[in-house]
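Values in this document were obtained by computation on a predicted structure and should not be read as measured data. Start at 1 and go down the list; that is how both ligands and their atoms are numbered.
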Amino acid sequence: MNSHKIPYGRHNITAEDIEEVVKVLKSDFLTQGPNIKLFEEAFASYVGAKYAIAVSNGTAALHLNALALNVKPGDKVITTPITFVASANCIRYCGGEVVFADIDPETYLLDIESVRSILVNDYKKEIKGIIPVNFAGRVVDMESYRELANEFGCWIIEDACHSPGGYFYNKLGEKILSGSGKYADLSIFSFHPVKHIAAGEGGMITTNDENLYNILLNLRTHGIQQEPSKKHENHGLWYYEMQTLGFNYRLTDFQAALGLSQLNRADEGLKRRIKIANRYTKAFSNLSFIKQISGDIEGHAYHLYILQVEKRKELFNYLREKNIFAQVHYIPAHLMPYYKDFGWKLGDMPFAEKYYENCISIPIFPSLLDEEQDFVINTIKQFYADK
Ligand SMILES: Cc1ncc(COP(=O)(O)O)c(C=O)c1O
């Protein structure tokens with residue numbers, strides 16, 4: 001029996017992280033200050049995008065994206081049911097309608113052919129956008145989505161919360177980083193503690209589109225803008241204008257300092273995640289009780305390591321008894337009571353529903369020790385040996 005809890009994901013805070021936060025706490029800026037810009041610039045460069053906008057969390061990032069892309073009541077947007085509900089909810093915040101499309105059973109990602117068939121049948125042209133999610137850290141082939149989106153005049157938001165540092169290869173064989181803005185109009189990230197980069201709460205939007213960048217900056221702070229040209233007309237230096245209805249979705253400077261300090265170790269953390277994933281893949285290959293594993297996939301950022309197993313619930317409970325806190329990602333979003341009220345029901349997304357029946361996310365985070373991982377592996381094997 002392991003004496004301490006092993007969670008499925010965990011933040012890792014170093015003495016240096018603490019020092020960086022304390023420096024800000026002793027400074028003049030608690031909310032947006034110099035670390036915001038530094039974090040934004042460093043993050044944009046990490047993912048290879050032109051612009052980055054730091055916001056208070058990943059959900060705020062999604063909400064601002066939907067606003068910036070002008071989602072209105074009556075608009076429809078396609079996303080995957082195997083995601084955290086925020087990927088879909090941002091459309092509802094703007095009064096739009098969420099259209100779920102099924103997943104690819106091999107990759108667990110939004111299935112492009114399902115998306116295509118919805119678009120082909122959208123005779124009234126109500127579908128305005130697509131939100132593919134780099135679920136678990138596996139990066140969507142965004143080039144193919146771009147081609148599809150262009151064919152049907154849609155925008156793309158890449159939900160990259162699980163995949164900082166992840167990538168895929170395009171048709172030219174170029175390595176395309178998640179969040180690089182090469183194909184998606186906007187990408188979003190979260191700095192929730194279980195994610196690659198922890199800031200307590202926090203989010204980032206990346207894009208190569210200057211116009212969207214400026215709209216987002218404005219929306220992040222109440223739609224308020226300083227108007228230097230007008231300061232000396234009828235007003236004074238205090239002058240500002242609220243031009244659109246925005247929000248307070250700012251990140252604090254101490255969160256940005258933490259995020260920046262964590263970003264400096266992001267590659268190290270990602271390498272460790274890949275190593276853990278490879279060890280799991282090796283340990284679980286060719287076992288009859290494992291139906292499918294995340295596998296060794298180049299460019300996968302391994303936010304989660306997922307097994308599809310027999311007797312999932314019994315295994316989950318057994319692991320809890322042994323202090324291993326596995327998790328299930330995700331209950332399909334279309335089966336949430338809120339979305340069922342819109343008419344979605346069991347049977348609508350057969351692959352997502354089948355995936356959900358057997359999936360379990362086992363511990364993966366950079367500070368997971370080899371001994372702890374061995375304990376997880378042996379406990380899972382023991383469970384099936386006893387059955
Ligand atoms: C795929 C995905 N999208 C969006 C979010 C929302 O991010 P946040 O929790 O920072 O609001 C999360 C966070 O859990 C997520 O996993």
Filtering M204, H162, H192 for the heavy atom nearest atom 16 (O) of ligand 1 leaves H162

Can you name the residues that form a side chain to side chain donor-acceptor pair (under 3.5 Å) with S114, not counting sequence neighbours?
D111

Report, in ascending order of atom number, the atoms of ligand 1 lying under 4.0 Å from any heavy atom of T83.
1 (C)

Looking at H303, K195, H329, E201, the heavy atom closest to atom 14 (O) of ligand 1 belongs to K195

Using atom types as modelled and distance alone, determine if a side-chain donor or acceptor of N358 lies under 3.5 Å from a backbone N or O of Y355.
no

Nitrogen or oxygen of G58 less than 3.5 angstrom from that of ligand 1:
yes

Looking at K76 and D122, is there a salt bridge between them, counting it only when a charged N and a carboxylate O are closer than 4.0 Å?
no

As a test of understanding, state which of Y280, F375, F325 forms a side-chain contact (heavy atoms from CB on, under 4.5 Å) with P363.
Y280

Residue-level breakdown please: for Y330 versus ligand 1, do any non-hydrogen atoms fall below 4.0 Å on the side chain, on the backbone, on both, or on neither?
side chain

D104: salt bridge (charged side-chain N to carboxylate O under 4.0 Å, His left out) partners, not counting sequence neighbours:
none

Tell me which protein heavy atom sits closest to atom 12 (C) of ligand 1, plus the residue, atom name and distance to 0.1 Å.
F84 CD2, 3.6 Å

Any non-hydrogen atom of S87 lying under 4.0 Å from ligand 1?
yes

Identify whether the distance between the nearest side-chain nitrogen and carboxylate oxygen of E16 and R265 falls below 4.0 Å.
no

Which ligand 1 atoms does N57 reach within 4.0 Å, using its non-hydrogen atoms?
10 (O), 11 (O)

Side chain, backbone, both or neither: which applies to T59 and ligand 1 if a contact is any heavy-atom pair less than 4.0 Å apart?
both

In terms of relative ring orientation, are F100 and W344 parallel, tilted or perpendicular, with 30° and 60° separating the classes?
perpendicular

How far is atom 9 (O) of ligand 1 from the closest protein heavy atom, and which atom is that?
S190 OG, 4.0 Å

Using the six-membered ring of Y169, assess whether NZ or CZ of K175 lies under 6.0 Å from its centre and within 45 degrees of the ring axis.
no

Specify side chain, backbone, both or neither for D159, according to which of its non-hydrogen atoms lie closer than 4.0 Å to ligand 1.
side chain

